[in-house]
2 protein chains.
Amino acid sequence: MHKEITIYDIAARLNVSAATVSRALKDHPRVSKATKKLIAKTADEMGYRSNSIASNLRKKQSNIIGVIVPRLNSNFMADVLAGIEKVANSNNYNLFISQSLESTKKEASNAKAMLNNRVDGLLVSVAYDTTDFDHFEPFIKRNVPIIFFDRVFEHESCPQIYIDNFKAAHDITDHLIKQGSKRIVHIGGNQLRNVYSERFQGYKRALEENNLTFDKNLVIINDLTSKSGAEAAQEILKMSPLPDGLFVANDICAIGCMQVLKKEGINIPADIAVAGFNNDPTATVIEPSLTTVNYKGYEMGEVAAKLMINRLVDKNDFQETHSLILRSELIIRESSLRNNTKK
Amino acid sequence: MHKEITIYDIAARLNVSAATVSRALKDHPRVSKATKKLIAKTADEMGYRSNSIASNLRKKQSNIIGVIVPRLNSNFMADVLAGIEKVANSNNYNLFISQSLESTKKEASNAKAMLNNRVDGLLVSVAYDTTDFDHFEPFIKRNVPIIFFDRVFEHESCPQIYIDNFKAAHDITDHLIKQGSKRIVHIGGNQLRNVYSERFQGYKRALEENNLTFDKNLVIINDLTSKSGAEAAQEILKMSPLPDGLFVANDICAIGCMQVLKKEGINIPADIAVAGFNNDPTATVIEPSLTTVNYKGYEMGEVAAKLMINRLVDKNDFQETHSLILRSELIIRESSLRNNTKK
DNA sequence: ATTTATAATGCAATCGATTGCATTATATTT
DNA sequence: AAATATAATGCAATCGATTGCATTATAAAT
């Protein structure tokens with residue numbers, strides 16, 4: 001059986017104290033060069049592996065950042081996680097990752113596990129139905145920073161990172177209008193979540209600005225899955241007169257919808273100009289390719305992780321930083337470009 | 001400033017020993033019901049949060065499973081992770097997740113971090129160029145189980161979970177041949193990796209069985225990105241005579257390739273019948289929809305996590321389990337279905 | 001050679017929960 | 001009531017690294 005080597009074993013072997021071994025291994029200036037070299041060599045020979053758990057306990061610091069997202073298997077979240085991991089890893093932080101599966105209850109239990117494991121900070125994109133902050137309170141009380149990204153939660157002591165959903169939705173709706181759409185359907189998600197309500201508001205504002213009356217019968221709220229998109233298409237087909245524009249709050253749902261519309265003989269963009277949101281990989285593959293809002297998940301992850309690490313390194317950093325709004329861009333593709341307006 | 005409550009604080013308040021508090025909190029049978037209730041209540045009131053770090057140190061067990069994957073932002077891996085997380089979470093295990101970014105060096109440094117943090121087990125899908133086992137040896141020596149999935153590494157003490165890539169590739173190539181293809185190009189990935197070499201071998205075998213001569217000029221090895229697919233398309237277009245079949249080792253690359261072929265006026269499947277691998281979401285969206293191998297990442301994640309947890313709970317479990325081969329299925333779509341063979 | 005400054009190392013407590021082995025309190029049996 | 005069994009609780013060591021505060025060794029200054 002393998003016996004785990006500790007700094008005491010090294011100390012005993014070299015006839016020095018454990019304190020010196022500890023200091024030597026972390027390159028403390030108060031240990032001589034020669035001793036350091038010797039200790040490093042011996043540690044290596046003996047197969048020593050530092051025990052982070054013991055270190056964490058003593059230092060009351062874990063170098064772990066907790067991450068809670070609605071789901072891991074979403075293209076956007078995977079990008080965000082990749083960005084977070086990249087930054088965390090290169091700053092010697094480890095990642096605890098869990099998913100809430102859109103349930104506040106699970107989000108809370110995950111948060112609890114993170115707290116028990118004494119994560120140094122928490123990055124969260126909240127579940128579909130999270131409306132209270134109770135499960136995050138203990139972090140605030142203990143001064144463990146929480147940063148919300150994308151699906152943010154409004155709280156005075158938590159910075160937020162997101163894109164200007166209102167503006168993006170406004171611009172994309174405006175674009176549809178400029179392309180000649182007058183009756184524009186909007187398919188949106190749970191209005192409790194900032195991302196979806198802001199997209200809806202942006203859509204409304206664009207209509208107003210263009211003197212188009214808002215018709216609530218043209219708004220469909222669902223869970224934005226591909227399947228729901230297909231169902232929404234059936235609803236749209238029953239509308240009379242048929243709408244001539246469609247703005248969906250995410251690409252997956254937009255594409256599910258488009259596929260049905262196409263099958264039913266609707267010509268996109270001639271009959272209905274369509275726009276989505278997220279710039280999912282499928283958006284470039286569908287025909288016609290889908291106009292959408294590009295929205296860099298990877299970058300959002302990087303920014304979130306950087307902000308967190310800055311805060312952890314320099315405790316009184318982000319008192320000022322409250323919101324961080326990232327750039328997003330309109331990507332106009334075939335699904336909304338009408339020939340008659342092409343120049 | 002917040003003072004962290006420990007079992008000692010609770011013990012002091014109730015005039016019992018810390019041992020009793022510890023036992024009560026974990027529902028040890030040797031503590032009376034009444035005391036348990038009282039302690040639970042007091043702990044709650046005082047805002048006690050158990051410190052997993054201290055517990056881990058003492059128990060020499062972390063309830064953490066480490067996961068190392070090539071990249072987090074891949075559709076397949078995101079599915080796998082979701083499956084792993086689901087199972088781990090419901091069994092009270094936490095997840096340390098990191099990505100190697102296809103670099104052995106980073107894979108090794110991640111492994112080291114995991115070891116230092118004393119993960120109870122390790123789930124790994126190896127980097128593109130990993131050829132040695134050195135960085136995993138310390139785990140074996142310490143009896144920390146490692147399970148490889150998808151991109152597996154051959155090692156006597158590590159179970160592997162994957163699909164029968166050989167058979168799937170064989171079947172899909174055979175299908176292309178049955179559809180009338182005689183000159184079939186194969187685009188594959190790094191042959192060091194089991195997944196890609198087996199797919200290549202399956203392709204070869206299918207050719208042999210159908211008395212088609214293998215032509216190494218029809219094989220293109222690249223990194224299987226969309227961009228590389230587009231470049232491969234250019235190569236294919238230069239071949240003379242033009243091939244009439246194409247089997248690509250993943251969908252992303254297949255689609256990158258198809259898009260160029262289509263643009264250049266090639267008719268799919270009439271001129272070239274195409275098949276991919278993975279059943280990526282884009283495979284259903286591209287036109288014509290892409291024939292592929294379905295390959296449940298989520299399920300693979302679940303299986304890997306379950307096997308790991310069984311092993312962790314019952315130490316002498318998987319001595320027997322070495323390889324676990326999951327089901328995969330051929331999904332035939334328009335990209336390979338030729339009218340002349342339709343019945 | 002002595003004092004003073006500086007470098008190198010050691011001591012011992014600490015972080016918070018766990019657990020084998022006592023010990024004390026209560027219940028049961030004779 | 002005494003003896004025995006059983007339930008409930010406590011003691012104290014342990015897990016391994018860290019660090020403030022000595023202490024000792026070496027170098028520089030007088």
Side-chain angles (χ1 to χ4, degrees), chain A residues 1-40 42-43 46-64 92 113 115-120 142, chain B residues 1-40 42-43 46-64 92 113 115-120 142:
Chain A
M1 188 48 196
H2 177 82
K3 165 44 170 99
E4 199 67 53
I5 303 297
T6 71
I7 53 172
Y8 296 100
D9 300 316
I10 301 177
R13 166 91 75 102
L14 295 178
N15 253 42
V16 294
S17 74
T20 300
V21 176
S22 173
R23 292 197 181 99
L25 290 172
K26 53 186 302 243
D27 205 26
H28 189 287
R30 296 266 286 285
V31 177
S32 77
K33 280 247 159 53
T35 311
K36 274 180 192 167
K37 197 159 289 177
L38 182 62
I39 288 176
T42 311
M46 297 177 78
Y48 170 79
R49 302 265 101 177
S50 103
N51 186 327
S52 307
I53 297 182
S55 169
N56 291 346
L57 176 61
R58 174 60 220 239
K59 292 198 296 184
K60 287 168 165 275
Q61 180 200 319
S62 64
N63 268 62
I64 297 175
N92 265 68
L115 187 62
N116 288 349
N117 278 281
R118 300 298 192 264
V119 296
D120 289 344
R142 284 165 178 78
Chain B
M1 188 50 196
H2 177 82
K3 202 298 201 164
E4 200 67 53
I5 303 297
T6 72
I7 53 171
Y8 296 101
D9 300 317
I10 300 177
R13 165 91 76 100
L14 296 178
N15 252 45
V16 294
S17 74
T20 300
V21 175
S22 173
R23 292 197 181 99
L25 290 172
K26 52 186 303 245
D27 205 25
H28 189 288
R30 297 266 286 284
V31 176
S32 76
K33 281 246 159 53
T35 312
K36 274 180 192 166
K37 197 159 289 178
L38 181 61
I39 289 177
T42 311
M46 297 177 78
Y48 169 79
R49 301 264 101 179
S50 106
N51 185 329
S52 307
I53 297 182
S55 169
N56 292 347
L57 176 61
R58 173 60 220 242
K59 292 198 295 184
K60 288 169 166 271
Q61 182 201 319
S62 63
N63 268 62
I64 298 175
N92 264 64
L115 187 63
N116 288 350
N117 277 280
R118 300 296 191 267
V119 296
D120 289 343
R142 285 165 176 78

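Letters go in sequence order (proteins before strands), and every chain restarts at 1.
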Please give, in whole Å, the distance from D:dG16 C1' to A:Glu4 CD? 10 Å

C:dA17 phosphate, OP1 or OP2, under 4.0 Å from B:Ser55 side-chain N/O: no

Quick one: B:Gln61 CD to D:dC15 C1', roughly how many Å, whole number? 13 Å

Output the single nucleotide from D:dA17, D:dT9, C:dT9 whose closest atom is nearest the side chain of A:Asn51. D:dA17

side-chain N/O B:Lys26 vs C:dT19 OP1/OP2, d < 4.0 Å: yes

Whole Å only: how far is the NE2 atom of B:His28 from the P atom of D:dG10? 14 Å

When only distance counts, do a donor and an acceptor, one from the side chain of A:Arg30 and one from the base of C:dG10, lie under 3.5 Å apart? no

Nearest of D:dG16, C:dG10, C:dT9 to any side-chain atom of A:Thr6? D:dG16

Residue from A:Asn116, A:Asn117, A:Leu115 passing side-chain contact (heavy atoms from CB on, under 4.5 Å) with B:Ser50: A:Asn116

Expressed as a whole number of angstroms, how long is the span from B:Arg118:CZ to D:dC15:P? 13 Å

Between atom CD1 in B:Ile5 and atom P in C:dC15, what is the gap in whole Å? 13 Å

Atom CG of B:Asn56 and atom P of D:dA17 are separated, to the nearest Å, by 15 Å

Can you confirm whether A:Asp27 sits close enough to A:Lys36 that some side-chain heavy atom of one is under 4.5 Å from a side-chain heavy atom of the other? yes

Comparing A:Lys59 with B:Ser32, nearest DNA chain D nucleotide closer to 5' gives the residue B:Ser32

Between the base of C:dG10 and the side chain of A:Arg23, is there any donor-acceptor pair under 3.5 Å? yes

State whether a side-chain donor-acceptor pair under 3.5 Å links A:Ser55 with A:Ser52. no

Mind listing the closest non-hydrogen atom pair of A:Arg118 and B:Glu4 along with its distance? NH2-OE2, 3.6 Å

Taken to the nearest whole Å, CZ/B:Arg49 to P/C:dC15 is 21 Å

Over 12 foreign heavy atoms within 6.0 Å of CZ, B:Arg13: no

Taking any heavy-atom pair under 4.0 Å as a contact, classify A:Val16: base, sugar-phosphate, or nothing. sugar-phosphate

Look at all strands and tell whether A:Asn15 reaches a base, only sugar-phosphate, or nothing, counting heavy atoms closer than 4.0 Å. sugar-phosphate

Could you tell me whether B:Ser22 contacts a base, only the sugar-phosphate backbone, or nothing, with contacts defined as non-hydrogen atoms closer than 4.0 Å? base

Atom-to-atom span, NZ of A:Lys60 to C1' of D:dA17 - whole angstrom: 15 Å

Does the side chain of B:Ser62 come under 3.5 Å of the side chain of B:Asn56 through a donor N or O and an acceptor N or O? no

Report which part of the nucleic acid A:Ser52 touches: base, sugar-phosphate, or nothing (heavy-atom distance under 4.0 Å, all strands). nothing

Could you check which of D:dG16, C:dA17, D:dT19 has an atom nearest any side-chain atom of B:Tyr8? C:dA17

Does any N or O donor sit under 3.5 Å from an N or O acceptor when you compare the side chain of A:Arg58 with the base of D:dG20? no

Nearest to the side chain of B:Thr20, which nucleotide is it out of D:dA17, D:dG10, C:dA8? D:dG10

Check every atom of C:dG16, D:dG10, D:dT9 against the side chain of A:Leu57 and return the nucleotide holding the closest atom. C:dG16

